[in-house]
Q: 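Sharing a structure with you now.
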Amino acid sequence: QVQLVESGGGLVQAGGSLRLSCTASGRASSSISGMGWFRQAPGKEREFVAAAGRWSDKNYAASAKGRFTISRDNAKNTVDLQMNNLKPEDTAVYFCATGSSLLPRDFVDWGQGTQVTVSS
């Protein structure tokens with residue numbers, strides 16, 4: 001099982017940027033097919049944000065395209081999420097996850113989450 005630790009959340013004004021980082025341990029990230037990010041807002045279900053494969057393949061939710069960029073470093077066992085032009089509706093707990101593909105349904109290991117709050 002992979003252990004995942006997120007960092008980088010915080011409070012930012014609308015239009016601002018944040019960068020989330022996730023470090024994986026217990027398994028080399030080069031052996032993990034998908035590393036990605038999900039989020040859960042209060043009162044809502046957890047939703048997919050973005051995922052990165054072992055090479056250059058990426059998958060983004062419609063809400064993330066054009067504003068968020070996912071990057072993965074297999075040598076460092078990390079996956080980052082650069083979030084630009086943040087909106088109040090991006091407020092959520094963001095979770096790092098790993099899985100067997102880039103499809104949201106295939107993610108099975110989860111971090112504890114980091115809070116992102118965007119003020120208007």
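Only this structure's heavy atoms are used, side chains among them; waters, hydrogens and symmetry mates stay out. Residue numbers count from 1 along this sequence.
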Q: Which residue pairs satisfy the salt bridge (Lys or Arg N to Asp or Glu O under 4.0 Å) criterion with at least one member in residues 91-103, sequence neighbours excluded?
A: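 As it turns out, there is no salt bridge (Lys or Arg N to Asp or Glu O under 4.0 Å) pair with a partner in residues 91-103 once direct neighbours are skipped.
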Q: If you measure from OG1 on Thr117 to CD on Gln13, what distance do you get to the nearest 0.5 Å?
A: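 Between Thr117 OG1 and Gln13 CD, I get 13.0 Å after rounding to 0.5 Å.
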Q: Should we say atom CD of Gln115 is surrounded by more than 12 heavy atoms from elsewhere, each under 6.0 Å from it?
A: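 Atom CD in Gln115 is crowded, with more than 12 foreign heavy atoms closer than 6.0 Å.
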Q: With ILVMFWY side chains joined below 4.5 Å, transitively, what does Val5's cluster contain besides itself?
A: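 ILVMFWY cluster around Val5 holds nothing else.
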Q: Could you list the donor-acceptor pairs under 3.5 angstrom formed between side-chain atoms of residues 56-63 and any protein atom two or more places apart in sequence or on another chain?
A:
{"unit_1": "Asp57", "atom_1": "OD1", "unit_2": "Trp55", "atom_2": "N", "d": "3.4"}
{"unit_1": "Asn59", "atom_1": "ND2", "unit_2": "Leu102", "atom_2": "O", "d": "3.0"}
{"unit_1": "Tyr60", "atom_1": "OH", "unit_2": "Ile70", "atom_2": "N", "d": "2.9"}

Q: For Ser119, which residues count as a side-chain hydrogen bond (donor to acceptor under 3.5 Å, both in side chains) partner, sequence neighbours excluded?
A: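 Applying side-chain hydrogen bond (donor to acceptor under 3.5 Å, both in side chains) to Ser119 gives none.
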Q: Is a side-chain N or O of Asn74 found less than 3.5 angstrom from the main chain of Arg54, in a donor-acceptor match?
A: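 The answer is yes, because a donor-acceptor pair under 3.5 Å joins these two groups.
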Q: Nearest heavy-atom pair of Val2 and Ala24: which atoms, and what distance?
A: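 Taking every non-hydrogen atom into account, CG1-CB, 3.9 Å.
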Q: Suppose we screen for side chain to side chain contact (heavy atoms under 4.5 Å, CB included). Which residues come up paired with Glu45, at least two apart in sequence or across chains?
A: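 Not a single residue meets the side chain to side chain contact (heavy atoms under 4.5 Å, CB included) criterion with Glu45.
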Q: For Asn84 and Ser17, which I'm curious about, is there any donor-acceptor pair between the side chains at under 3.5 Å?
A: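 There is such a pair between these side chains.
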Q: Salt bridge (charged side-chain N to carboxylate O under 4.0 Å, His left out) with Arg27: which residues, sequence neighbours excluded?
A: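 Testing Arg27 for salt bridge (charged side-chain N to carboxylate O under 4.0 Å, His left out), a comparison that skips the adjacent residues, returns none.
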Q: Under the ring-ring contact (aromatic ring centres under 6.0 Å, His included) rule, collect the residues that match up with Phe48, sequence neighbours excluded.
A: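 By the ring-ring contact (aromatic ring centres under 6.0 Å, His included) rule, Phe48 matches Phe38.
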Q: Taking only residues two or more places apart in sequence or in another chain, which ones pass side-chain hydrogen bond (donor to acceptor under 3.5 Å, both in side chains) with Thr78?
A: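 Thr78: no side-chain hydrogen bond (donor to acceptor under 3.5 Å, both in side chains) contacts found.
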Q: Under 3.5 Å, which donor-acceptor pairs link side chains of residues 88-101 to any protein atom two or more places apart or in another chain?
A:
{"unit_1": "Asp90", "atom_1": "OD1", "unit_2": "Arg39", "atom_2": "NH1", "d": "2.9"}
{"unit_1": "Asp90", "atom_1": "OD1", "unit_2": "Arg67", "atom_2": "NH2", "d": "3.0"}
{"unit_1": "Asp90", "atom_1": "OD2", "unit_2": "Arg67", "atom_2": "NH1", "d": "2.7"}
{"unit_1": "Asp90", "atom_1": "OD2", "unit_2": "Arg67", "atom_2": "NH2", "d": "3.4"}
{"unit_1": "Asp90", "atom_1": "OD2", "unit_2": "Lys87", "atom_2": "N", "d": "2.8"}
{"unit_1": "Thr91", "atom_1": "OG1", "unit_2": "Pro88", "atom_2": "O", "d": "2.9"}
{"unit_1": "Thr91", "atom_1": "OG1", "unit_2": "Val118", "atom_2": "N", "d": "2.9"}
{"unit_1": "Thr91", "atom_1": "OG1", "unit_2": "Val118", "atom_2": "O", "d": "3.4"}
{"unit_1": "Tyr94", "atom_1": "OH", "unit_2": "Arg39", "atom_2": "NH1", "d": "3.0"}
{"unit_1": "Tyr94", "atom_1": "OH", "unit_2": "Asp90", "atom_2": "O", "d": "2.6"}
{"unit_1": "Ser101", "atom_1": "OG", "unit_2": "Leu103", "atom_2": "N", "d": "2.9"}
{"unit_1": "Ser101", "atom_1": "OG", "unit_2": "Asp106", "atom_2": "OD2", "d": "2.6"}

Q: Run through the side-chain heavy atoms of Ile, Leu, Val, Met, Phe, Trp and Tyr, join any pair under 4.5 Å, and report what else lands in Val108's cluster.
A: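 Once heavy-atom contacts under 4.5 Å are chained together, Val108 still belongs with nothing else.
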Q: Among pairs that include at least one residue of residues 6-21, which meet salt bridge (Lys or Arg N to Asp or Glu O under 4.0 Å), considering only residues two or more places apart or in two chains?
A: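 Listed once each, the pairs are Arg19-Asp80.
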Q: The criterion is side-chain hydrogen bond (donor to acceptor under 3.5 Å, both in side chains); which residues satisfy it with Ser7, sequence neighbours excluded?
A: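 Testing Ser7 for side-chain hydrogen bond (donor to acceptor under 3.5 Å, both in side chains), a comparison that skips the adjacent residues, returns none.
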Q: Is there a chain of hydrophobic side chains (I, L, V, M, F, W, Y, each step under 4.5 Å between heavy atoms) that links Trp37 to Leu4?
A: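 Yes, it is one cluster - the side chains of Trp37 and Leu4 are joined through contacts under 4.5 Å.
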Q: Can you tell me how far the CD atom of Gln82 sits from the CG atom of Leu20, to the nearest 0.5 Å?
A: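 Reported value, rounded in 0.5 Å steps: 9.0 Å.
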Q: In the structure I gave you, are the side-chain heavy atoms of Trp110 and Arg46 within less than 4.5 Å of one another anywhere?
A: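 With C-beta onward as the side chain, the pair touches.
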Q: Could you state whether Met35 and Val49 fall into the same hydrophobic cluster, counting links through intermediate Ile, Leu, Val, Met, Phe, Trp or Tyr residues with side-chain heavy atoms under 4.5 angstrom apart?
A: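 Both belong to a single hydrophobic cluster.
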